[in-house]
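For reference, the structure is listed below as C-alpha cells.
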Amino acid sequence: MKRIGIDVGGTNTDAVLVENDAVVDAVKVPTTEDVMSGVVASLRALLARVGERARPLDAVMIGTTHFINAVVQRRELVRTAALRISLPASQSLTPMIDWPRDLRAAVDPLVFMVEGGHEYDGRVFMPLDERAVREAAQRISDSGVRTLGISATFSPLTAEHELRAAEIVREVDPGLAITLSHRLGRMGLLERENVTLLNACLAPLGRTTIAAFKAALQATGLEAPFYLTQNDGTVMLAEVAAEFPVYSFASGPTNSMRGAAFLSRLDGAMVVDVGGTTSDIGCLVHGFPREANNVVEVGGVRTLFRMPDLLSIGLGGGTLVVEGEGQGGQPAVGPRSVGFRLPQKALVFGGDTLTATDIGVAAGLIDLGDKRLVKHLSAGLVKATLARITAMLEEGIDRMKTQADDVTLIAAGGGAFLIPERLAGVGRVLQVPHASVANAVGAAIAQVSGEVDQVFTNIGRDAALAQARTLAEQRAVHAGADAATLKLVDIEDLPLAYLPGGAMRVRARVVGDIAAAGA
Amino acid sequence: MQRPIEAGEIEALAIGAWILGTGGGGNPYLNYLNCRKLVDEGARLTLMDPMDLADDDLVAVVSNMGAPLVGQERLNDPATAARAVTMMEEHLGRRFRAVMSVEIGGGNGLQPLLVAAQKNIPVVDADAMGRAYPEAQMTSFAIGRLPMAPMSLADVRGHEVLITKVTSWKWMERIGRKIVTEVGSIASTCKAPRSGREVKDWGIHYTTTKAIRLGQAVLAARARHADPIAAVLEHEGGQQVFRGKISDIQRRATEGFLRGKATIEGLDGDRGRSLVLDFQNEFTVGTIDGEAVVMTPDLICVLDTVSGEAIGTETLRYGQRVTVIALPAPPVLTSPEGLQHVGPRAFGYDIDFRSVFTGARGVQ
C-alpha cells in the first residue's frame with residue numbers, strides 16, 4: 001500500500017510518501033497564493049526524490065486548512081440562501097440568528113421559512129408547503145444567489161421534506177448548489193442548520209479548490225484516487241468532499257496528532273505541535289485525538305462538530321522574543337509572531353526580528369539559515385528565553401493532563417526543535433523522524449469512516465444497534481472504505497425520555513482502510 | 001421592589017439556570033437566544049420581589065413540558081409560551097399580575113421572561129423547585145398541598161387544551177404528559193394559577209437572582225482565567241463531591257424517565273476510587289463503594305472541570321473530565337413533607353436523606 005499525504009498549511013505545503021507503515025520520504029515547500037502551484041511543487045519535489053517508488057500509488061490524501069481559514073477570515077464566502085422547513089414551529093429563532101454580525105454580513109443571507117417537517121417518530125409534523133418552496137426558489141433564482149442550504153425539523157430521521165424541497169428547487173433552477181442538512185448530521189436544528197449554511201457559503205470555494213487539487217495531480221502525472229482529510233482523522237473521496245467543505249475544518253490538528261501517533265508507534269501520549277505562531281497541545285487516546293466536551297464554535301458559529309480537545313499557546317517558530325520585556329526583566333516570549341513571514345523576518349534568514357527560531361539556532365537546537373547572524377545573542381538571553389519556553393510548555397501540558405503521572409510527549413511540527421528534552425511532568429520527550437511533517441503523515445494514513453445518528457422506534461435495542469451499525473458501514477463503503485477492514489469505533493444509544501414506543505437515539509461510527517486501487 | 005433585568009444578565013441567567021438544572025431541564029441556550037431577540041426588539045423585562053405581591057394578585061406559573069431532544073428540533077417560540085398564559089386568563093376571566101417559572105433549572109428558568117416580554121408584566125423572582133425535577137408533584141406548591149388545576153397547554157400548531165379538574169398532582173402529571181406526547185412531546189403550559197399569598201408562602205424565593213449571580217460568578221471567573229468551579233462553590237456555599245473523568249455511561253428509558261448511571265473514575269484528590277452517579281432525568285444519588293455520599297434534594301451538578309459549564313444527563317459522554325458538586329437545597333424540599341415528594345424514596349431508593357451539608361458535620 002503506497003500513499004502520498006499532502007498538508008497544505010498557511011506557510012508550507014508538505015508532501016510525504018508512506019509505504020505500508022513506513023515513511024519513505026518527505027518534502028516541504030512554501031504554500032503559494034493559488035494553492036495549486038504549491039501542491040504541484042511539493043509533488044514534483046517528492047517525486048524527484050522517490051522516483052518510481054511512488055508507483056503504483058494507491059491514494060493521494062490532502063489535508064487543508066483552506067476552508068476554515070475562509071470562515072475565520074470572512075473571505076471567499078458567497079451570498080447564500082437559507083430555506084428552513086419548520087413552520088409553524090421554530091418561527092422566532094430565524095436561520096443564522098446566533099452568527100456573529102460580520103460573518104452574517106459577509107454571507108448576506110436570503111432567508112425563507114416554510115411549513116413542513118417531521119416529528120421525532122417519523123410522523124409528518126406539517127405537510128410540506130410546496131408552493132412556498134417553489135416561490136422561494138424563484139426568488140432565489142431571480143436574485144442571482146447561487147447557493148442554498150435547506151434544513152427541516154427532524155430531517156436526520158426523515159429526510160423526505162428536504163429531498164422533496166431540493167427537487168422542487170432544481171425544477172425552478174437546476175444550477176443552484178444545494179446543501180441538505182440531513183447529510184451533515186446530528187440532532188439540533190439550529191446547529192445543524194448553521195453547519196449547512198456554512199457549507200453552502202463555502203460551496204464554490206470547495207469546488208474550485210478540489211478542481212485545483214485535481215489539476216495539480218494531473219500536472220504531475222499521478223493517477224490514483226484522491227481524498228480529502230476530515231475532522232475525525234478519516235478521509236472522503238475528493239468528489240464527495242468537494243460538496244462538504246465543513247467536514248475538513250479541524251483536519252489540520254487531527255492529522256498532526258494522528259501523524260505523531262504513527263511516527264512514534266504510540267497510541268496514547270500527549271502531542272505538542274509547534275507551528276509558526278502557536279503550539280497546539282492535545283492528547284492521543286487509542287491513536288485518535290481526545291475530543292473536546294464543549295460545543296464547538298467555528299469562526300464564532302455554534303456547531304455540533306466533535307473537534308480535538310486542543311490547548312493553543314502563543315509559542316511557535318515565528319514567535320517574537322523581546323529582550324527585557326518580560327516579568328522581572330526576563331525576555332518576553334510571544335504571543336505575537338512573524339507567522340508566515342518567518343523566511344524574511346527571522347535574523348537567521350537575514351531579517352530584523354528576533355524570533356524563537358533564532359534562539360533555537362543560537363542554542364544549537366537546529367541548523368537553519370545562517371547561524372553567524374545570531375552569534376551576537378548573549379548566552380544569558382538564549383538561556384533565559386529557553387527557560388521561558390520550557391515554563392510555557394510545562395504549564396500548558398499540566399493543564400491538558402488528566403492524570404498526575406508523568407506522560408510521554410511527542411514533539412511534532414516545524415518548531416518541534418524548541419521542545420526541550422526534559423519537562424516537568426513529562427517522563428519522556430520523543431523527537432521522531434519526520435516530526436516536522438507529522439501533518440502530512442497523518443493525512444497519508446487516514447482511514448475512511450461512516451457515521452449514523454438516528455432515532456429508532458419500536459424495534460428494540462439490539463435491532464436498533466444492529467441497524468445503525470449496518471447503515472454506518474454502508475456509508476463507509478460508499479465513502480471508499482474496504483468493507484473487509486471495517487471496525488466499529490463508537491456506538492452509543494440514548495433512550496429518549498417521555499417518548500413512547502421505546503424510542504432510542506443511536507449513534508454509530510465505523511472506520512476502515514481505504515479500498516486499494518482497482519479493488 | 002421591581003428592578004429591570006439588564007440585557008447582560010440574560011446570558012448569566014442561562015448559565016446559572018443550566019447549572020441549577022442538576023443535569024435536567026434542557027439546555028437554556030435557545031431560550032437565551034429568544035430572550036436576547038425580544039430585548040433587541042425593544043422588550044423591557046423587570047424582576048419583582050415576591051414579597052411585594054399583594055395577597056390577591058394572580059401569578060402565572062409557566063413551563064415548557066416535553067422531551068429536551070424535541071426542543072432541539074422544534075425550537076421554543078415565545079408566542080406559544082404566551083398563548084398558554086392568555087388561554088388561562090380567558091378561562092379565569094382575570095389578568096395575571098406577574099409570571100414565574102415552575103422550575104428555575106434548565107430552559108424553563110427563562111420561560112417566564114418570554115411571557116413577560118410579550119404580556120408586559122414582571123417576572124417574579126421565585127420558582128417552585130429551586131432546581132429542576134421531572135414531575136408536577138415535585139414542586140413546593142405540591143408540598144404545600146395547593147390546588148393543582150386548572151392547567152393550560154398550547155402547541156405550536158394552534159391546539160389548546162385546558163385541564164380543569166384532576167384529583168391529585170400525580171394525575172395532573174399523567175394526563176398532562178399524555179397530551180404533551182400526543183402533540184409531539186413538546187408543549188407550552190401554564191400551571192395552576194397562584195395567588196400572591198400562595199407565592200409568598202410556598203414559592204421558593206429569589207431563585208432568578210440566584211441563577212443570575214451564579215452565572216455572573218462563572219463568567220467573571222472565566223474572564224480572569226480563574227477556576228469557575230471554585231467560584232460556583234464559593235458563591236453558593238457548595239461542596240465539591242468528586243472530580244474525575246467519565247469511564248462508563250448506561251442509559252435506559254422507563255416510565256417516562258431517562259434513567260441511568262454514570263461511573264466517574266477519580267482524578268486528583270479522588271484518584272483510586274470511583275463515583276457512581278444515578279440519574280432520572282436529573283442526577284439523583286451518588287455512590288462511592290456502595291455508600292450513598294450525595295442525594296436528592298441536595299442539588300447534584302456535574303460541571304466541565306475546565307470551563308465550569310454544566311453537563312446534562314443527555315450530554316454525558318465517555319472521557320469527559322467533570323467535577324461533581326453539591327449545592328444546598330431549598331429548606332422546603334428537605335422538610336419531612338418535602339422529602340416525601342423529592343427525597344431519595346420518591347425516586348425509589350431505600351435510603352434516608354442525608355445532606356452533604358448537614359450530614360457531613362463533624363465527619364470531615
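In what follows, every heavy atom counts, from backbone to side chain, and hydrogens, waters and symmetry copies are set aside. Proteins get letters first, then strands, A, B, ... in listed order; numbering begins at 1 in each.
Heavy-atom distances place no part of A:R461 under 4.5 Å from chain B, backbone and side chain included. When heavy atoms are compared at a cutoff of 4.5 Å, A:S86 does not approach chain B at all. Neither the backbone nor the side chain of B:E41 comes within contact range of chain A; no heavy atoms are under 4.5 Å apart. Using a 4.5 Å cut-off between heavy atoms, B:L30 contacts chain A through both its backbone and its side chain. If you measure heavy-atom distances from B:V183 to chain A, the contacts under 4.5 Å come from the backbone alone. Residue B:D155: no heavy atom, backbone or side chain, is found under 4.5 Å from chain A. There is no contact between B:I246 and chain A, counting heavy-atom distances below 4.5 Å.
Side-chain contact between B:R74 and A:F125 is present, with at least one heavy-atom pair separated by less than 4.5 Å.
Taken from OG in A:S92 to CG in B:L33, the straight-line distance is 9.0 Å, to the nearest 0.5 Å. Here the CD1-OH distance, from B:I186 to A:Y120, works out to 11.5 Å after rounding to the nearest 0.5 Å. Considering CG of B:N34 and CD1 of A:I97, their distance stands at 7.0 Å, rounded to 0.5 Å. Separating the CG atom in B:L75 from the CG atom in A:L189 is a distance of 5.0 Å, to the nearest 0.5 Å.
Taking the charged nitrogens against the carboxylate oxygens, B:R321 and A:D309 do have a contact shorter than 4.0 Å, which makes a salt bridge.
Every residue meeting the side-chain hydrogen bond (donor to acceptor under 3.5 Å, both in side chains) condition with B:Q137, not counting sequence neighbours, appears here in chain and number order: B:E135. A:V452 is linked by a side-chain contact (heavy atoms from CB on, under 4.5 Å) to A:Q454, A:A468, A:L471, A:A472, A:R475, counting only residues two or more places apart in sequence or in another chain.
Between B:E73 and A:S90 the shortest heavy-atom distance is O-OG, 3.6 Å. The two atoms that bring B:D77 and A:Q91 nearest to each other are OD2-CB, 3.4 Å, heavy atoms only.
The number of heavy atoms from other shown groups lying within 6.0 Å of CZ (A:R183) does not exceed 12. Residue A:R101 places its CZ atom among 12 or fewer non-hydrogen atoms of other residues, nucleotides or ligands, all under 6.0 Å distant. By the neighbour-count criterion of 12 heavy atoms within 6.0 Å, atom CZ of B:R174 is sparsely surrounded, having that number or fewer from other residues, nucleotides or ligands. The local environment of CD in B:E160 is crowded, with over 12 non-hydrogen atoms from other residues, nucleotides or ligands closer than 6.0 Å.
Geometrically, A:R302 engages B:Y29 in a cation-pi contact, judged by NZ or CZ lying under 6.0 Å from the ring centre and within 45° of the ring axis.
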